[in-house]
Trainee: 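Sharing a structure, written as structure tokens. Questions coming.
Treat the numbers as computed from the prediction; the structure is a model and nothing was measured. Read the numbers this way: they start at 1 and go in the same order the structure lists the ligands and their atoms.
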Amino acid sequence: MSALPLAALRQAVAPQSALRAGGPEAEQIGLLWNVLLVVGTAVTVGVLAFLAYALFRRRGDADETQGDRRMRAGVRWMVAGGVVLPIVVLMPILVLTMRTLGAVTLPSRTVASADEPPAPGEFVVEVTGRQYWWEVRYRARRPDLEFETANELRVPVGRRVVVRLRSRDVIHSFWVPGLQGKMDLVPGRTNALVFTAARPGRWRGQCAEFCGAQHAKMAFTVVAEPAAEWQAWAARQRADARPPADPATRAAQGAFLNSGCVLCHAVRGTPARGDAGPDLTHLASRLTLAAGTLPNTRGHLTGWVADPQSIKPGSLMPSVPLEPRTLHAIVRYLETLD
Ligand code: HEC
Ligand SMILES: [Cu+2]
């Protein structure tokens, strides 16, 4: 077989691999992992070798003094293998683990209450876990610079990102293996983690704490891009939704505003103010739909709006029966929300 399948596999797992570190925090964790792998393998092989030796060696009967000597040797081996070796092996690992923890986690004093604005120079994103999607709010020292999106974190390359984690319902867990370890989102408290994306790219994240029927379809994407591109993106996200440019789009907007959608979804700049589902103001600018479940294309969008329950059974968006004309008008409108 050619090398192709392996290359394809690598490509497939790369966006969500802890072995492909995307920044300094992930590198520290990767280093610890590599040390544990090497030491663990060496200990396992050593133990198995001793075991094989003990099982297969041949020894004749011993007289009494030989027996005594063997007994004392046995005790020495037990002390060496059962006390000295574990201490010698585990102490450095403990120290390395503590150092890694210290290097990749925030001191508890910076795990601020969720409502505090960021400190000067701090880049804060608030992520709220919801069944089964992620509400994402970019905090700023000036309230008018804050904005909300969903299921996607865009960050400037090289910027240390503080993610404040909260939950609206049950416990979720925020995990981007290529950038950081896991951290729970617990109702009633705010946790925080930091990561830095050292180069432009995309990393897949995943809810890592079982949170209900659609837990497996609760993913998200971290996109890191150069600071100037991020600024331009943020400026677009802050703006209200693009108003309809022509009568057909105005009619399409009407179809959306007259459907039940507005009870649960917000489109800033329109009367839609719902809060039960993701903010749709700039839906068309996102890579995926329904928390990483579908690529954001017209076909998938239509399928989702027509029957979300067949795609994510048990998700909190009901399948609303829509006339085909209404359905296509709504999709047409949503596609203008870039
Ligand atoms: C009862 C509340 C509710 C109603 C009504 C509702 N939605 Fe949703 N919607 C949700 C929830 C909750 C989600 C997140 C589902 C998930 O990913 O698990 C969602 C997700 C979506 C998404 C994906 C957003 C993203 O960022 O990935 C789109 C698009 C959407 N809804 C459009 C609509 C449209 C159009 C209508 C009207 C026909 C509608 N919704 C009606 C609650 C609702
Ligand atoms: Cu979850």
Trainee: Residue-level breakdown please: for Q214 versus ligand 1, do any non-hydrogen atoms fall below 4.0 Å on the side chain, on the backbone, on both, or on neither?
Mentor: neither
Trainee: Among the N/O/S atoms of H265, which is closest to atom 8 (Fe) of ligand 1? Give the atom name.
Mentor: NE2
Trainee: Can you tell which part of A290 has a heavy atom less than 4.0 Å from ligand 1: side chain, backbone, both or neither?
Mentor: both
Trainee: For atom 17 (O) of ligand 1, which of the options K312, K217, M317 provides the nearest non-hydrogen atom?
Mentor: K312
Trainee: Looking only at heavy atoms, is any part of S315 under 4.0 Å from ligand 1, and if so is it the side chain, the backbone, or both, or is it neither?
Mentor: side chain
Trainee: Is the closest side-chain heavy-atom distance between L185 and R166 below 4.5 Å?
Mentor: no
Trainee: Which atoms of ligand 1 have any heavy atom of L283 under 4.0 Å away?
Mentor: 24 (C), 25 (C), 26 (O), 29 (C)
Trainee: Under a 4.5 Å cut-off applied to non-hydrogen side-chain atoms, are V161 and V155 in contact?
Mentor: yes
Trainee: Give the numbers and elements of all ligand 1 atoms closer than 4.0 Å to a heavy atom of A276.
Mentor: 12 (C)
Trainee: For T288 and A291, indicate whether the former's side chain and the latter's backbone hold a donor-acceptor pair under 3.5 Å.
Mentor: no
Trainee: Using a 4.0 Å cutoff against the non-hydrogen atoms of R286, which atoms of ligand 1 qualify?
Mentor: 25 (C), 26 (O)
Trainee: Please state which protein non-hydrogen atom is closest to atom 38 (C) of ligand 1 and give its distance, to 0.1 Å?
Mentor: C261 SG, 2.7 Å
Trainee: Got Q206 and R204 here, is their nearest side-chain heavy-atom distance under 4.5 Å?
Mentor: yes
Trainee: Please assess T270 against Q253 for the test side chain to side chain donor-acceptor pair (under 3.5 Å), listing each intermediate value before the final yes or no.
Mentor: CA-CA 9 Å; T270 78; Q253 185 192 44; 5.4 Å; no
Trainee: Which residue holds the protein heavy atom closest to atom 13 (C) of ligand 1, what is that atom called, and what is the gap in Å?
Mentor: P278 CD, 3.4 Å
Trainee: Identify, for atom 14 (C) of ligand 1, the protein heavy atom at the shortest distance, and state residue, atom and that distance.
Mentor: W133 CD1, 3.5 Å
Trainee: May I ask you to identify the nearest protein heavy atom to atom 22 (C) of ligand 1, giving residue, atom name and distance to one decimal place in Å?
Mentor: W304 NE1, 3.2 Å
Trainee: With a 4.0 Å cut-off, would you call E135 and R137 a salt bridge?
Mentor: no
Trainee: Taking K312 for the side chain and A290 for the main chain, is one N or O donor matched with an acceptor at less than 3.5 Å?
Mentor: yes
Trainee: Measuring from the heavy atoms of L263, does anything fall under 4.0 Å of ligand 1?
Mentor: no
Trainee: Can you tell me if L327 contacts ligand 1 (heavy atom of the residue under 4.0 Å from the ligand)?
Mentor: no
Trainee: In terms of the angle between their ring planes, are W230 and Y138 parallel, tilted or perpendicular, with boundaries placed at 30° and 60°?
Mentor: tilted
Trainee: Answer yes when R130 and D169 have at least one side-chain N-carboxylate O distance shorter than 4.0 Å, and no when they do not.
Mentor: no
Trainee: Round to 10° and report the angle made at the Cu ion (ligand 2) by SG of C211 and SG of C207.
Mentor: 120°
Trainee: Out of all atoms in ligand 1, which are within 4.0 Å of some heavy atom of L289? Include the element for each.
Mentor: 27 (O)
Trainee: Is E126 salt-bridged to R139, cutoff N-O under 4.0 Å?
Mentor: yes
Trainee: What atoms of ligand 1 come closer than 4.0 angstrom to any heavy atom of P318?
Mentor: 1 (C), 2 (C), 3 (C), 4 (C)
Trainee: Should D338 and R286 count as an ion pair when the cut-off is N to O under 4.0 Å?
Mentor: no
Trainee: If the plane angle is over 60° it's perpendicular, under 30° parallel, otherwise tilted; pick one for F256 and Y333.
Mentor: tilted
Trainee: Which class fits the ring pair H172 and W134: parallel under 30°, tilted 30 to 60°, perpendicular over 60°?
Mentor: tilted
Trainee: Within the 4.0 Å heavy-atom shell around I330, which atoms of ligand 1 are there?
Mentor: 35 (C)
Trainee: Out of C264, A255, A150, who is nearest to atom 1 (C) of ligand 1 when you count heavy atoms only?
Mentor: C264
Trainee: Is any side-chain heavy atom of H265 less than 4.5 Å from a side-chain heavy atom of M317?
Mentor: yes
Trainee: For L301, counting its heavy atoms only, list the atoms of ligand 1 lying under 4.0 Å from any of them.
Mentor: 29 (C)
Trainee: Which of the numbered atoms in ligand 1 are below 4.0 angstrom from a heavy atom of L316?
Mentor: 1 (C), 2 (C), 12 (C), 42 (C)
Trainee: Is the distance from the Cu ion (ligand 2) to some N, O or S atom of Q131 under 2.8 Å?
Mentor: no
Trainee: Of all the N, O or S atoms in H172, which one sits nearest to the Cu ion (ligand 2)?
Mentor: ND1
